[in-house]
Amino acid sequence: MSADILLKAEQVLRALRIFASTLTDAQALEVASIYPEWTTGAAYAVGDIVSYGTNPVGDPQLYKVVQAHTSQADWTPDATASLYDAFGLDDSGYVVWAQPSGAHDAYQKGDIVNYHGTLYQSLIDGNVWAPDVYPAGWELYEAPAEPEPGPTPEPEPKPEPTTYPEFVQPAGAHDAYSIGDIVSYNGKLYRSTIDNNVWSPDAYPAGWEEYIETV
């Protein structure tokens, strides 16, 4: 790969990460793979988002920096709550509340979060407070109950096969077979291809065609 293509790819990645810094927690989770992995010796600012390890569903686990610092090997995101705030989804798919770092990632009216195991819905835009810090900004949210499964539909009965009459030698035009008539003859079904058909299928094969019934 040429140096020019590599440079362009790096520029696109930087642009994506700049854009990613403006996303809400819920939006960030949808594009978790574009956030940089946590490394040692990096200077992190408040609000930076890094990935470290995986969450219970196998996606990158994201952490938000809550205190500016230079990372160290013994200050990993999963073990240093004073520096990083993990966020993600609970088992039901609701966003786990994380402290916003500013207006750009604050919760908006209608957002639903899991806060210490309880669901809350934001009543205001630009909500940067936890439910127990500013209760007026939140209300308890009850997840809709899953619909009970309905009765298993009974399988539709298979249609009974049509019974066709045995071929009977017509006595004349009054009881001759018409075009489209179907009869059983020597274990097979035949359909008349002519009107006034007084012949059996083996006596006048041109007057009949073998018929295969479809269900």
Side-chain angles (χ1 to χ4, degrees), residues 12-39 44-69 71 75-159:
V12 170
L13 182 57
R14 282 198 295 271
L16 285 174
R17 287 176 175 171
I18 291 172
F19 169 73
S21 66
T22 67
L23 301 178
T24 65
D25 291 351
Q27 292 169 332
L29 292 169
E30 296 179 7
V31 291
S33 60
I34 71 172
Y35 289 94
E37 293 185 4
W38 178 85
T39 59
Y44 291 121
V46 173
D48 286 350
I49 297 176
V50 296
S51 68
Y52 183 79
T54 57
N55 61 21
V57 297
D59 294 328
Q61 175 62 58
L62 299 182
Y63 293 84
K64 185 179 297 182
V65 177
V66 296
Q67 181 177 328
H69 67 284
S71 59
W75 290 353
T76 57
D78 60 339
T80 321
S82 61
L83 300 178
Y84 302 93
D85 192 3
F87 64 95
L89 300 178
D90 64 14
D91 293 339
S92 298
Y94 291 100
V95 174
V96 177
W97 185 89
Q99 177 62 58
S101 57
H104 67 282
D105 62 348
Y107 295 103
Q108 305 304 313
K109 185 176 181 179
D111 286 350
I112 300 169
V113 299
N114 181 327
Y115 184 71
H116 297 320
T118 302
L119 295 179
Y120 293 88
Q121 187 170 33
S122 179
L123 298 174
I124 58 175
D125 289 327
N127 194 345
V128 297
W129 301 279
D132 55 1
V133 173
Y134 185 53
W138 299 89
E139 67 178 358
L140 287 172
Y141 177 79
E142 186 174 347
E146 294 187 4
E148 294 185 3
T152 303
E154 293 289 335
E156 291 192 13
K158 292 184 178 180

inquiry  = Please find the pair of heavy atoms, one from L119 and one from A143, that lie closest to each other, and give the distance.
reply    = CD1-CB, 4.0 Å
request  = Output the distance between atom OH (Y141) and atom OG1 (T118), rounded to the nearest 0.5 Å.
outcome  = 14.5 Å
task = Compare every heavy atom of V128 with every heavy atom of A106, then report the nearest pair and how far apart it is.
result = CB-CG1, 3.5 Å
task = Specify the closest pair of heavy atoms between V50 and Y44, including all atoms of both residues, with the distance to one decimal.
result = CG1-CE2, 3.5 Å
Value rounded to 0.5 Å, distance of OG1 in T76 from OH in Y63 = 7.5 Å
task = State whether the side chain of S122 and the backbone N or O of I124 hold a donor-acceptor pair below 3.5 Å, judged by distance alone.
result = yes
message = Run the side chain to side chain donor-acceptor pair (under 3.5 Å) test on W138 and Y107 for me, step by step, so that the C-alpha distance in whole Å, both residues' side-chain angles and the decisive distance to 0.1 Å come before the verdict.
response = CA-CA 10 Å; W138 299 89; Y107 295 103; over 6 Å; no
task = Output the distance between atom CD (E37) and atom OH (Y52), rounded to the nearest 0.5 Å.
result = 10.5 Å
request  = Spell out, as yes or no, whether a donor-acceptor pair under 3.5 Å connects the side chain of Q121 to the backbone of D111.
outcome  = no
task = Please answer whether the main-chain N or O of K109 pairs with a side-chain N or O of D125 as donor and acceptor at a distance below 3.5 Å.
result = yes
message = Once rounded to the nearest 0.5 Å, what's the spacing between atom CD of E142 and atom CD1 of I112?
response = 12.0 Å
remark   = Taking every heavy atom of S51 against every heavy atom of L62, the minimum-distance pair comes out as CB-CD2, 3.9 Å
request  = Go through N127 and Y134 one step at a time and tell me if the side chain to side chain donor-acceptor pair (under 3.5 Å) criterion holds.
outcome  = CA-CA 9 Å; N127 194 345; Y134 185 53; over 6 Å; no
query = CD of Q61 to CH2 of W38: how many Å apart, nearest 0.5 Å?
reply = 14.5 Å
ask   = Is the closest side-chain donor-acceptor distance between Y120 and W97 under 3.5 Å?
value = no
